[in-house]
Amino acid sequence: MIRGMKVSENGPDNNPLVSVIVAAYNIEEYVQRALDSLRDQTLKDIQIIIVDDGSTDGTGAVCDRYAEGDERALVIHQENKGLSGARNAGLKAARGKYIGYLDGDDRAEPQMFETMAKACEESGSEVAVCRYLVSGENAEGLPEPTGEIKTLSREEALHSYINGEGPVIYNSVWSKLFLASLVKDMTFVEGKNSEDILYTTGAFLRCSRVSYIDIPLYDYDTGRAGSIMNEKIGERRVNDEIPFWKQQIVMLEESGLREMADDARRALARREMFYCQELNDGGQKKYADIIYDDMAKDREGILELFSGKKIKRGDRVRMSLFLRAPDTYYGIDRLYRRIVLPMRRILKKVFLPLAFIVIFLFLLVTLSYILRTNGENKDRMSGFYAERKNSLDAVIFGSSSVYPFYAAPLIYGEHGFAVYPVSTDMQRPAAGIWLTKEVLKYQKDPLFIYEMRMYSGTDWDMTSNMAYTRNVTDNMKYSLNRARAIKALTTGIENPEAVVEDPLSWYLDIFKYHGNYGLLLMPYEWRNWRYSALSPTKGYSFKEGVGPCELTDCSRVAESAPMPPEQEGYLRETLEFLKNGGYRALFVVSPYLEDEEHKMMYNHMSEIVSAYGYDFVDLNDHIGEIGLDPSVDIADYGVHVNALGAEKVSSYFGGLLETRGLTDHRGDRAYASWDRAYEDYLSRMPEVRAEIGRKVREKEYTVRE
């Protein structure tokens, strides 16, 4: 019995663009959903053929009611003939240029048939294939859809279909749209399940090109208990699917595609092995044995198929083990699926986010270190991190009162001590304890030397230009010490000009320096991205300027005066840490144009330091012993020494360290880089000495700022 009249919006005499065949059998609660998905199609020029295949519930009535409301619908009621019989009945009534299928318990996405028909029309393809969802989700193990639409040749489509490689192409006719003239004389084998195998194979063999749409346009529902796919799986595998797969091989051979036929044989052997596992685990061992016995008859032939060079070693080993010892294979596979596979899934869920985080952090750290503004401060701090672990005898903390004063190569060359300046411009005392802790991560119990000039200034003055503060934090490696140093240096600031309104750019300094993309073109910065490049001068900075002055002698000043309270707090905090840890330390003031006010503050500092059992040395009290000549050895009118002054200061200071129990490393191969630094220092000094001499003679003095 047939109900319904019109087949097209344009009238009963015009053929529609697409005919959609819907097979329905005892799916009363599902079929309305399927039909609604056709009603909502963006393509309106469709014929909807609904075949009620002898339903005994209310399915037929639902279909009839739908046809009454949609003039494009045609309902065919027939005795039960199975899915193939229903589809064949629909094919007889189909009048569209293209033919598509929808199972009555599934759904089509609104744009499905418009997208597929358009792809065929534009490319001249005779078949279109789309991706599908399984109960609303992408099928497990399948690649994520890309949204791409591309045209495949017949051979490309067959290769993907048979081998499961490349585009996702399965047997189901409901994921395809066929040119009616291509399949007009093709029918489904009745009385069998999995009839799509031969229909799809036949269509591919006849066509010249296929439109592949990597978009999920069909929603396949696996949850219905009475579904064909859920019934009598053992019988279906043995009686329907395997014979159809074997017939596919024959069809390929008859078409002259012998290499593809061999691919199909391999694919069948893999399927049969999977079927055996599935049925054996599912309590249907008799069907598993039937399949295995059939395979065993051609054991050598199958093994030969899996012996070629293009066969993956894993496939070859699995098939060999299965054919020779199936019970052993079942046991291994069971362990794999019950233990290994779940663990892999868990690890995958954990690993992918973790891998993303690791890669992100790697790139963040790499780019941050590269893009940080280059210069002496960066090179000096990088050089510290690059020094061999536990190789330094002493480190000196402080500002520019350190690295131009203490020539580390000279101290090493004359005394054998590896003394490194962990110092930056205007290094604020608030950073001292965190730099100390950072050093301890890389160097075991060095002598800690603190240059004290910065302790005489207020944080207000030192925060007038926070770029100096960033010289410390931006050139430390990412670490907890760095984060704590940033917090100490950016909070509690009284100077309104120094208030940090964007703390994120301090913790993630790439936000500040992302514009330094030019550094990405510098090979040195790439080589040094891990802060792994040794400083050739061991952090020392040659100064060639001359700014004569008359140094004042404040050594007789005995009075004390308070130092800035915030700096006293930082000093006591550092001393507590040193004392509690049993660390060695020395506190010094570098030579400069000292005045009485500062001398009294240094006396106060000395009292505090001495109370903790540490030594405090004001080198300004030893100008004569050092031999400093203020008319020649000062770079800028009493603030810093030049290279000549540093030579004298370093020699004297190295002598002071002789009493500190440090080790003479000269001649130790492990300190070859220090030997080279000393040699380079000696080779450079004549030129530097000559240049300073010229400036003195010509009175080419440093310009006052």
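We're numbering straight along the sequence, starting at 1. Only this structure's heavy atoms are used, side chains among them; waters, hydrogens and symmetry mates stay out. Keep in mind it's a predicted model, so treat the numbers as computed, not measured.
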Taking the six-membered ring where the residue is Trp, are the ring centres of F577 and Y583 under 6.0 Å apart?
yes
Enter the distance from Q427:CD to Y403:OH here, rounded to the nearest 0.5 Å.
10.0 Å
Judged by atom type as modelled, is there a donor-acceptor pair below 3.5 Å linking the side chain of Y612 to the main-chain atoms of K579?
no
Check this for me: does any side-chain nitrogen of one of R572 and E576 sit under 4.0 Å from a carboxylate oxygen of the other?
no
Is it the case that D636 and T702 place a side-chain donor and acceptor less than 3.5 Å from each other?
no
Does the side chain of L520 come within less than 4.5 Å of I370's, by heavy atoms?
yes
Rounded to the nearest 0.5 Å, the CZ atom of F587 sits from the CD1 atom of I608 at a distance of 10.5 Å
Do the side-chain N and O atoms of K538 and S673 include a donor-acceptor pair separated by under 3.5 angstrom?
yes
Of all pairs that satisfy ring pair (Phe, Tyr, Trp, His ring centres under 6.0 Å), the ones with a partner from residues 467-509, not counting sequence neighbours:
Y369-Y478
If the plane angle is over 60° it's perpendicular, under 30° parallel, otherwise tilted; pick one for W674 and Y420.
perpendicular
Give a yes or no on whether the backbone of R482 and the side-chain of S479 come within a donor-acceptor separation of less than 3.5 Å.
yes
Y614 ring center near F616 ring center (under 6.0 Å)
no
Considering all heavy atoms of both residues, which atom of P429 and which atom of Y570 are nearest to each other, and what is their separation?
O-CB, 4.0 Å
Is the shortest side-chain heavy-atom distance between D393 and R660 below 4.5 Å?
no
I'd like to know if the side chain of N642 reaches the main chain of G545, judged simply by a donor and an acceptor atom lying under 3.5 Å from each other, with no hydrogens or angles considered.
yes
Could you check whether any side-chain heavy atom of P496 comes within less than 4.5 Å of a side-chain heavy atom of W460, counting everything from C-beta outward?
yes
Looking at every heavy atom in both S650 and L410, which two are closest together, and how far apart are they?
CB-CD2, 3.9 Å
Any donor-acceptor N/O pair, D474 side chain to A467 backbone, under 3.5 Å
no
Charged N-O contact under 4.0 Å between E525 and K378
yes
Donor-acceptor pair, distance only, cut-off 3.5 Å: does the side chain of E451 make one with the backbone of S590?
yes
Taking atom OG of S651 and atom CD of E414, what is their separation to the nearest 0.5 Å?
3.5 Å
What about Y455 and Y602, are their ring centers closer than 6.0 Å?
no
Using modelled atom types only, decide if a donor and an acceptor are shared between the side chain of S683 and the backbone of D680 within a distance under 3.5 Å.
yes
Do N475 and R380 have side chains that approach each other closer than 4.5 Å (heavy atoms only, starting at C-beta)?
no
Does F511 offer a backbone N or O that forms a donor-acceptor pair with the side chain of H514 under 3.5 Å?
yes
Exam field: side chain D633 to backbone L628, donor-acceptor pair closer than 3.5 Å:
no
Salt bridge (Lys or Arg N to Asp or Glu O under 4.0 Å) assessment of K599 paired with E596
CA-CA 5 Å; K599 179 60 177 175; E596 291 188 5; over 6 Å; no
Taking atom CZ of F405 and atom OH of Y540, what is their separation to the nearest 0.5 Å?
10.5 Å
For the OG1 atom of T537 and the CG atom of D379, what is their distance to the nearest 0.5 Å?
8.5 Å
Could you tell me whether E438 and K441 make a salt bridge, using a distance below 4.0 angstrom between a side-chain N and a carboxylate O?
yes
Rounded at 0.5 Å granularity, tell me how far CD in Q443 sits from CZ in R388.
8.5 Å
Restricting to non-hydrogen atoms, name the atom on G654 and the atom on I411 that form the minimum distance, rounded to 0.1 Å.
CA-CG2, 4.4 Å
Looking at side-chain heavy atoms only, is the closest gap between N471 and M426 below 4.5 Å?
no
Tell me whether S400 contacts the main-chain N or O of D425 through its side chain, where contact means a donor paired with an acceptor under 3.5 Å.
no
List the atom of L371, the atom of I510, and the distance in Å for their closest heavy-atom pair.
CD1-CG1, 4.2 Å
Going by the rule side-chain contact (heavy atoms from CB on, under 4.5 Å), which residues pair with R694 if we only count those two or more places apart in sequence or in a different chain?
E691, R697, E698, E700
Flag, side chain of N603 to backbone of E559, donor-acceptor distance under 3.5 Å:
yes
Mind checking whether F417 and H415 have parallel, tilted or perpendicular rings, split at 30° and 60°?
parallel
Do E494 and E566 come close enough that some side-chain heavy atom pair is under 4.5 Å?
no
Do the ring centers of W529 and F362 come within less than 6.0 Å of each other?
yes
